[in-house]
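Below you'll find the structure, written out as structure tokens, and then a few comments.
All residue numbers in this chain count up from 1 along the given sequence. Small disclaimer: the values here were computed from a predicted structure and weren't measured.
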Amino acid sequence: MDLLTDLLRQSGLQQRVLDLGDFADGEVRRFPCGRSFGFHLLLEGAITVRPEAGGEPIRLGPGDVAFMTRGCHHALQAAGPASVMSAAYLLPHAPVHPLFRELPNWCVVPAPSASSGDRLRRLADLLREERREAALGSEAAIHALIEAAFAQVLRRIVEGEGARPLSLAAALRAPGIRQALERLHARPEQDWSLEGLADVAGLSRSAFAAKFKTLVGESPLGYLRQLRVQRAMGLLVRPGASIVAVANAVGYGDPFVFSKAFKKVVGVSPREFRASAALEGLPAAS
């Protein structure tokens, strides 16, 4: 199982907004991104990203990527003519998985060298060509290339491009822990026990619990609770879904136990979460 893809799907990531823009010298464009993941890939020229809530400006050269991991209003300012590919992905509600908490507000992935044969570089080159030629099917091709670029950028960040790898990458390289994570993601509704997960990992109960906590940053059953709650958040905003049905779908036979677990993770009850989502008009996760 591809755990990163599963995490993004369960978080409800959707409704991408795409922009392939040319900037004049000194031009400034504002990006209101209150609840989004997103990135800017500089194709040509020089650009500075200026977060509106403070923080250091981020200067990009050709091939560099600035990746926004939390909603952050910001502006791009060009230093000379520039061409930028931008993509934003709506997060209907704040994700609770520890991966999202571990990510910094902004990550920069530098341009690879011309001789590296790097996938992201090849994608950037293809984007330039598709945009320049505007041939039949270019719009569909650009959308597909942006999806591929998003995956490549996020993979680099998780694996520690220019910094320390995130916990998920380290855990996936650990024998036994990866197998346990894959089982939890595949069947979070199953009645898992610490002993059962330790058997999957091929470790003793105590060794598994200690190793999982060290690598993932959560206890095995605490991680399971977060997976279940993340899935429940997407289900609760679907029309007609009862709290009892959602509880059963994510592995809680008792709606009271489900509500307690949900409030522990999210800070509000399932009923309050659903009412708030309805007031904000948040879309259901796909």
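At a threshold of 4.5 Å between side-chain heavy atoms, the hydrophobic network of Ile, Leu, Val, Met, Phe, Trp and Tyr places Met233 and Val268 in one connected group.
The pair Glu218-Arg225 does not count as a salt bridge, with every side-chain nitrogen at least 4.0 angstrom from each carboxylate oxygen. Classification of Glu272 and Arg274 as a salt-bridged pair fails, no side-chain N sitting under 4.0 Å from a carboxylate O. We find that Asp6 and Arg9 are joined by a salt bridge, their nearest charged nitrogen and carboxylate oxygen being less than 4.0 Å apart.
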* Would you check, one step at a time, whether the test side-chain contact (heavy atoms from CB on, under 4.5 Å) holds for Ser219 with Phe212? => CA-CA 7 Å; Ser219 69; Phe212 193 101; 6.0 Å; no

* Quick one: do Gln77 and Thr48 satisfy side chain to side chain donor-acceptor pair (under 3.5 Å)? Show the steps, please. => CA-CA 5 Å; Gln77 182 174 10; Thr48 299; 5.9 Å; no

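When all heavy atoms are compared, the tightest approach of Ala174 to Gln179 is O-OE1, 4.5 Å. The shortest heavy-atom contact between Pro188 and Arg231 is CG-NH1, 3.3 Å. Among all heavy-atom pairs drawn from Arg187 and Trp192, the shortest one is O-NE1, 2.8 Å. The shortest non-hydrogen separation linking Leu60 to Ala66 is CD1-CB, 3.9 Å.
A distance of 11.0 Å separates CG in Leu184 from CD in Glu189, rounded to the nearest 0.5 Å.
In summary, of the residues considered (Arg50, His40, Arg29), a side chain to side chain donor-acceptor pair (under 3.5 Å) with His74 occurs for His40 alone.
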